[in-house]
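Here's the structure we're looking at; comments come further down.
Chain A is the first sequence line, chain B the second, and so forth, proteins listed ahead of strands; every chain is numbered from 1. Source: prediction; values computed, not measured.
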Amino acid sequence: MLEVRGINKSFGPVHVLRDVALTVRSGEVTALVGDNGAGKSTLVKCIGGIYPIDNGEILVDGKPVHIHSPRDAAGLGIEIVYQDLALCDNLDIVQNMFLGRERRRGIVLDEPSMEHLAEQTLASLSIRTVSSVRQAVASLSGGQRQTVAIAKAVLWNSRLVILDEPTAALGVAQTAQVLELVRRLADNGLAVVLISHNMNDVFAVSDRIAALYLGQMVAQVKTTEVTHAQVVELITSGKSGTIA
Amino acid sequence: MIATLKRSPALPAILGLVVLCAVFSAMRPAFFTPVNFANLLQQGAATTVIAMGLVFVLLLGEIDLSAGFASGVCAAILAVTLDQMSFPWYLSVGAAIATGVVIGFLLGFLVAKIGIPSFVVTLAAFLAFQGVALLLLEEGRNVSVRAPIILAIANKSMHPWIGWAFGATAVAAFAAVQLWSWYRRRAKGVTAVPLRLTALKVGALAVLVIVTVSILNQERSFNVRITSLKGVPIVVPIVVALLVLWTFILRRTAYGRHLYAVGGNREAARRAGINVDRIRISAFVICSAMAAVGGIIAASRGNSVDPNTGGSNVLLYAVGAAVIGGTSLFGGKGRVLDAVLGGLVVAVIDNGMSLLNYSSGIKFVVTGTVLLLAAGVDALSRKRNALGG
Ligand SMILES: Nc1ncnc2c1ncn2[C@@H]1O[C@H](COP(=O)(O)OP(=O)(O)OP(=O)(O)O)[C@@H](O)[C@H]1O
Ligand SMILES: [Mg+2]
């Protein structure tokens with residue numbers, strides 16, 4: 001569904017992404033792994049239109065696209081849960097979930113229907129720890145904030161959902177729920193990219209694994225064809241004797 | 001019910017108002033008279049309107065130090081076009097507000113597109129506008145305003161009758177809006193506020209309106225045979241209309257929502273696809289345009305414009321009004337109503353202390369202290385939230 005080719009990205013003298021290529025297929029969970037600072041979040045932000053790319057190509061359904069802003073990405077059906085969540089503390093859950101895409105009747109915001117949809121979405125994610133969708137995001141726990149950010153991404157009929165370390169702040173039960181959701185999204189035909197440092201999670205839900213090492217894509221393999229040890233080796237040294 | 005009241009951000013300002021009024025009435029009976037009540041509203045209107053505009057800039061975590069002199073420049077434009085170019089009043093008003101819009105666009109552009117901190121941009125503008133006002137008024141002339149309609153704005157009152165009609169309309173409209181929203185929420189099956197609470201709010205507003213209008217409709221003239229003076233001052237419906245307009249825009253439109261978002265987390269707003277620069281520029285435009293309206297009211301109140309219009313304490317009173325009302329200096333939190341409540345507090349302090357014959361010096365010190373107090377409360381509540389208290 002999404003293909004990126006030869007992406008380069010530098011911040012001043014720091015060359016963060018070097019000729020990165022990545023293919024993401026609909027109906028599959030692609031795990032993106034790599035050490036801290038490998039460039040995972042940067043790659044995601046390039047796809048999401050947060051950072052402009054220096055050069056390279058992004059293709060959606062085989063057609064080259066230009067993503068200059070978050071709006072472009074959303075227009076292409078790409079939703080991203082950022083590692084740093086990007087929620088407005090002073091707004092409540094509903095306001096955050098619909099931010100930038102508010103429902104209106106005429107020029108007036110349609111609060112009841114937004115609230116209704118937000119409640120439905122949260123319920124479909126079996127999120128019960130949030131007492132009211134009118135709670136300010138500032139008053140939520142780290143895990144609750146994360147679930148809100150995820151709910152925000154799945155609210156829209158997106159075709160590609162990218163989650164940057166979505167389980168980092170979650171408890172055991174919530175993690176299991178998010179992983180289940182990730183699987184469910186892919187089974188419903190969406191393309192999903194999951195960034196995680198947890199090998200158990202990666203092996204539990206992913207169909208393919210893409211490994212970034214110092215800004216270079218060192219391998220894209222089927223999850224069933226590799227072992228834990230091989231993936232760890234790819235992450236830490238950028239190569240694995242047993243994979244070409 | 002009590003809990004809802006306690007959580008209301010308007011509470012400190014309302015309590016402050018009640019206490020201040022009680023103290024001043026006790027110390028000087030002349031404070032609690034219809035004459036003084038009307039005076040107070042007319043004196044405080046310009047500051048309040050400027051404060052309403054400032055709320056937009058403060059919501060973004062920015063500041064506009066030039067709002068006072070911007071109002072002075074716009075008032076000067078009004079006076080000069082009326083007096084020297086003999087414009088009809090509406091053209092002069094249009095010119096003054098257009099000047100405000102241009103000023104706001106300039107400030108907003110420098111802040112959002114060039115990236116100069118708003119503190120610096122508007123500090124520079126503070127000085128420059130002072131100069132512009134001097135130039136417009138040719139080195140300090142005092143230009144009197146003679147257009148009857150302009151003079152009426154801050155000096156005349158409505159027929160008692162129209163006052164009642166206006167009050168009734170306001171209450172009815174408020175009730176209708178509340179009921180409609182209750183009905184819509186019920187229809188969608190989302191939790192609606194209990195009707196009892198809505199009824200209470202409408203009732204409270206009705207009481208407030210009845211008390212206010214009946215006090216203001218009393219005869220205020222010292223000698224009825226010369227002139228009769230009664231009714232709700234004309235500035236009141238003007239301020240209320242502005243309050244309703246801007247509250248609607250902030251709370252009920254996507255634009256308002258985006259303004260809060262940019263104030264709360266600019267990066268999150270950007271990632272949500274909001275055009276952050278446009279929002280920031282627009283806030284400065286609204287602020288300066290409202291400063292222009294404030295300048296027009298000040299010109300009306302003073303019957304004239306001089307280079308000091310919008311100067312001295314005007315800006316500090318306006319910032320103070322917004323902050324005392326509960327608008328945060330850190331951005332993301334605030335309402336237009338804050339400016340009105342805070343504006344009343346500032347007007348009461350100013351008016352009450354004048355009646356007690358305190359000097360300007362003491363008035364400034366007290367108002368400054370109240371502003372610091374409000375800012376302190378703001379900072380502390382923010383700190384407590386950050387600590388998760
Ligand atoms: N805005 C920026 N300006 C300059 N350098 C940046 C910027 N963002 C990221 N970098 C650099 O790019 C490199 C990759 O960062 P990135 O956040 O993509 O890593 P990551 O793979 O997501 O790591 P983690 O697992 O810790 O989240 C790092 O060396 C970082 O210092
Ligand atoms: Mg990262």
Nearest 0.5 angstrom please: [X] [atom1] to [Y] [atom2], how far?
| X | Y | atom1 | atom2 | result |
| --- | --- | --- | --- | --- |
| A/Leu99 | B/His258 | CG | NE2 | 5.5 Å |
| B/Thr191 | A/His116 | OG1 | NE2 | 12.0 Å |
| A/Arg71 | B/Asn275 | CZ | CG | 8.5 Å |

Side chain, backbone, both or neither: which part of [X] has an atom under 4.5 Å from a heavy atom of chain B?
| X | answer |
| --- | --- |
| A/Glu102 | side chain |
| A/Glu115 | both |
| A/Ser113 | both |

(request) Taking heavy atoms only and a threshold strictly under 4.5 Å, list by residue number the residues of residues 168-190 of chain B that touch chain A; give 'none' if the list is empty. (result)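 The list, in residue order, reads B/Trp180, B/Arg184, B/Arg185, B/Lys188, B/Val190.
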Closest non-hydrogen atom pair, [X] against [Y]:
| X | Y | result |
| --- | --- | --- |
| B/Tyr260 | A/Leu91 | CB-CD2, 3.8 Å |
| B/Arg251 | A/Glu111 | O-OE2, 4.4 Å |
| A/Cys88 | B/Ala268 | SG-CB, 4.0 Å |

(request) Taking heavy atoms only and a threshold strictly under 4.5 Å, list by residue number the residues of residues 33-63 of chain A that touch chain B; give 'none' if the list is empty. (result) A/Lys45, A/Ile50
(request) Examine whether an atom of B/Phe248 lies under 4.5 Å from a heavy atom of chain A, and if so say whether it belongs to the side chain, the backbone or both; otherwise answer neither. (result)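 Contact with chain A: side chain only.
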(message) Between B/Arg266, B/Arg271, B/Lys333, who has the most heavy-atom pairs with chain A when the cutoff is under 4.5 Å?
(response) B/Arg271
(message) Looking at A/Arg104, I want to see if its CZ is surrounded by more than 12 non-hydrogen atoms of other residues, nucleotides or ligands under 6.0 Å.
(response) no
(message) Tell me if the CZ atom of B/Phe119 is crowded by more than 12 foreign heavy atoms within 6.0 Å.
(response) no
(request) Count the heavy-atom pairs under 4.5 Å between each of A/Ser69, A/Pro112, A/Ala74 and chain B, then report the option with the highest count. (result)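 Ranked by contacts with chain B, first place is A/Pro112.
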